[in-house]
Amino acid sequence: MKDAHQANSRKDFQYGYRNREDVTTLNPNILVKGSKNVLISTYKRIGSRKGYTLDGQRSTPNSGYGIYGSYDWNTHLGTERNLRAGDNTTGTNGKIQFRYVAAAGDKYLTNTFTEGQVYWIDIYASAAATFNACRFWDFNNELKDLLLWVDGSSNVFMWSGGVTTVASATGTTITKSGGGTWASSGFLYGATYTRSVKINGTDYAYTGGADTDTLTGVTPDPSSEPVDSVVIQTPVVTANSAITGIPATFKNTLIENLKNQIYLTASDNNSVYVSKVNNFKDFSFASPRAVGEGAILTLDSVPTCLQQQSDSMWISAGKDYWYSTSFTLSSGNNLEALSITPIKTTENQACRSDALSTKVKNLIAFVSFETQVNTLGVAANYFDDPQVSDISYPIVHDVQSYDFTGGQLLYFQKYLFVTVPAEGVVLVYNMTSDMTDVQTGAHFWESPQIMPFGRLSIIGGDLYGHGYAETNTFKMFTGLSDDEKPYKCLALFAYDSAGDRSSTKSNDEFFIEGYKYQDTVLTGYLRREFNGPVSSWKWGTLPSPFITPPIDDASIGKVSIGKVSIGGTAYETDPTGTPPKFRLIQTYPKVPYFEEQVGFGSEGVGQWWEIASFSRNAQETLENQSSIKDPPLSTI
Amino acid sequence: MANTLYPQLQSFTLYSSGATVGDTSIVLSTMKDIDGTQLAMANFGDKGFLTLDPGAGTSEEQVSFSGITANANGTTTLTGVKTVLCLSPYTETSGIAKSHSGGSTVVAAITSGLLNQFSNKGNTETITGTWTFPNGATTPLLGTSYVAPTISWQVASKGYVDSVAIAGAPDANTTVKGIVEIATGAELAAGTGTGGTGAAVVPAGSSFTNTSAGAGDVNKVAVLDAAGQFAVGFIKDTSTTVAGKSELATAAETAAGTATGGSGSPLVPANSTFVQTSSGSADANKVPVLGSAGVLADGFRYETGTSGEAITAGHGVYLKASDSKFYKSLGTGDEATFSFVGVAADTAGAADVTIRIIPPGQVLTTTGLTAGAYYFVTDVAGVLGTTPGTRFARVGLALSTTRLIVTLPKYIVKGSFTVSGTGNTTVTTGFYPAYIQIRGGVNSAGAQYGEFSVGDDSNTCVKSAFGTTGANSDCVGGGAADLYNMGSSTQLLLGTVSAKSATGFTFNTSAYSSGGGVWDTHTIQWAAFSE
């Protein structure tokens, strides 16, 4: 019997989840359709995922409307500005907010914050519920990193990222807290831009003092603003009509930066406008074009995606096209041609949207109109031409059925995250293994994660999700509830024939070895025959010797749950963070079968488990071996 | 009235944000029918029933909902969500009772709550809706033939009731209750007492009507309407040969001579349409009738116009040509005297008030008149008096101390002018001079002193010559009013009324001699009369 267990032992789960092949012929170590909310750790264990927790204030319930735009900006000052945009209350009022981490006593509107409290503060009300942004280095005026964004209107929006609090205010001055000058906190000091600050929703213009700690020439009278109120730089809006070289009615939709030149597209125009170096307000150029001047690139369709890669801008357009740009310097070094080169793609290989693309190492990953998750870039043995590779091949049946509206791709810590908010799913492509390591095998897809996110952000080194059907943001893969609600985890493995596929087998022992909290109720499933009946067992609190007494330092409260989450780091560096180990053998009557599916699952709050290995003492049966022999023959 | 429908649907998925205890709205990833069409409450009725997490052990929950919102992002929000007890009494309580994971299965299954909407033939039921059966009945059909009920609280069919109600019952008469027969229309019209069954015939309810639709209601019985009266449709229209119903004419209809009113009946004037005296515009479209003396009262023939200034009833007024408005008459001015149109019947406190004017031939009723005296325009604005003003205008005659008949005005103007040579002399009278009297004489002493001539606008004259009598001693007839030089045959002045106008006349001197300087000028005295 021990040989039977050993012969059917399943462990080292390194192939992930697939939805392509017949589930009865796959390697029984592979997860199949039906699996959800389980992840494979670098220890090659399969376990329940962590939950997600609310970040910042909870918005008034506004069912059906969510956050449709986000951008994470790491400024030259070392500060992090995380922006999100979505519907306000009616579904038509766009609002852009940034994530503020408060010091004790900071004030905003009617709120007085505690230390470390997170609050999403309004910085701009827009007609659109989303936006597209890039950074820009203001070499000519401010010597500052600036954030530029567009929202489909004929404007370019600029934010310096300046944030501080009020130390004091008079009728015409505002003194900041924390020492240093206003400029050193990211505020505009030159007269090139319209300068004003926003305090508790009111804009105050100023004329000087930004190179000190006190703004001067402030209007209107700011003296009634409470001390410790949060102060932000008011975004500057520049209409296309005030920008040289672009149509005044251009519907600015996508914006990107390459070599401090701004690339601008519109939702109804085949051209890409390129600004002069160091000047996002001038897109003009001479003929022939001088070095650093603007340019116009005309494509075969409307641009859908801009991705800066190396020294080129990679541009997707329409449903079929990809291009890359290149600069060619003249022999006199004074002229420079900016040209576009079509990439060898075919129908429906264009990127669906800018958000559905991201850089993955030296490649661009994107969701095409095919529908596939592809990578684009150089590939082994193909160094001359960029190659399109379908990485969603193993989960083709899932991807082909999904509606990717509102989705986003994000590469983070060796994982590629693909949100499919219309389906309420987040796909995770696990790239933690070394492709050349025979022990770890290839990259693989995790099971679908049932999560309500459309946009993702990397905040403070952690992964966050923005609600697609609610205007709230959550820290992902932390805690053991989904915003204090239960969630279901289910690992369903491919059917296991346990040897000869044509012979019936039977077993009466189900061995499971893994880790779980004592109060976690782990359910084991055995389904005999394809879509056949299921036997299940629930295992809750286990006495010794079913469970190994936990290591003191691994108890809850000693090691925080989130420290070893998938969202925090690519590798689990703290094995003591796992729950106590258990092992058990569940017995039951023998029932002959040809193939059997194993599953593990849980549902609720506070549930955490990981399976290290499992086996059944399956052996060929002596009885019923002739059950599929000699079926009745057709008389037709 | 509650309304529940039973859509057959595939399963749905709770959106990945899940649902929490107490939630009264939940979000589904999508909510479409099997053909991919978004579902709405119209597919469920007033309320729908779902099962959350079916087959998931204690997580399973039955809920009802009353609203569906298709969201812009493709999700669907169910509102008015209540948890429903899976066991009797299937109580519905606002908010869900269990938390559910995102991605949970949601099915529009046959839940116990939904089944509770149905009646069960073995259960004691309370029917809250209205059930309708064939032929619009609200009671069920009991097969194709009836069975006599045997239990006191058993429903009896109409056939059974009919059978027991007729059997053995007597025919009704005026002293015995019993069976009657419904009369036909012809029987009603004929006053038939007994029908074909031998029972007395009585009118059915459908034989009565409180309005008449005309020939379609032949033989029906008229009953009073809600006002306790017969409707007008029951009575024929009146005509020159039929005494029937008619409609009172409106003032406008009376004025237009409209024959038939809105009801289709002939129009007749109401008594209030007739007046013996007119009070002005308030009596517009009314019909004048004779007074007690058999004559029409004053005021029926008054004129109307607009005041140009404040005017008091009884004032004489004239019509100013420049604005066609009425002003008070005044004997010191030509137009204010000679454009007299009548006497004000109404008082106007200011200009631009519509007032009535008593024209010539009509009577002003007032006080303080001198019976039998003529009345003239005076030099006091608007005041008529027995003494003429500067200009002579006789405009009335007092019939008594209270009644002044306004007469066609008579104007008389007199004047003179001097002639010292040939040519036209234009004389202004202020009115058209119907008759002009001319008298001329020499102004200087000498041989022709005392000579004069009297004539008129017919250009005939009588002259008195100096010296001898003879052919030049008088002039009767002839073509000109002239003066003669009695010492010779030389004419001293020969003049005629050559033209007349609405404001005066022209005197033309065709021959003139100064007599060698013996005399200088001639003076012509004239008098003009309006009639």
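Letters A, B, ... are given to chains in the order of the sequence lines, protein chains preceding strands, and every chain is numbered from 1.
A distance of 10.5 Å separates CD of Glu470(A) from OG1 of Thr75(B), quoted to the nearest 0.5 Å. In this structure, the separation between CD on Glu423(A) and OG1 on Thr13(B) is 8.5 Å, given to the nearest 0.5 Å. If you take CD1 on Ile450(A) and OG on Ser29(B), they are separated by 8.5 Å, rounding to the nearest 0.5 Å. Separation of atoms OH (Tyr65(A)) and CG (Asn73(B)) is listed at 8.5 Å; rounding is to 0.5 Å. Within the model, atoms OG of Ser99(B) and CD of Glu484(A) stand 9.5 Å from one another, a figure rounded to the nearest 0.5 Å.
When all heavy atoms of Tyr52(A) and Ser16(B) are compared, the pair lying nearest together is OH-O, 3.4 Å. Contact detail for Lys488(A) and Ser101(B): the closest heavy-atom pair is N-OG, 3.3 Å.
Atom CD of Gln154(B) sits in a crowded spot, with more than 12 heavy atoms from other residues, nucleotides or ligands closer than 6.0 Å. Other residues, nucleotides and ligands contribute only 12 or fewer heavy atoms inside 6.0 Å of the CD1 atom of Ile110(B). More than 12 heavy atoms of other residues, nucleotides or ligands shown are found within 6.0 angstrom of NZ on Lys98(B).
A distance-only check finds a donor-acceptor pair linking the side chain of Lys485(A) to the backbone of Ser17(B) [under 3.5 Å].
Only the side chain of Tyr68(A) comes within contact range of chain B, with heavy atoms under 4.5 Å apart. For Ala70(B), no part lies near chain A; criterion is any non-hydrogen pair under 4.5 Å.
Heavy-atom pairs under 4.5 Å with chain B peak, among Pro448(A), Pro421(A), Ser481(A), Gly467(A), at Pro421(A). Counting heavy-atom pairs closer than 4.5 Å to chain A, the top-ranked of the candidates Gly57(B), Gly74(B), Gly18(B), Ala56(B) is Gly18(B).
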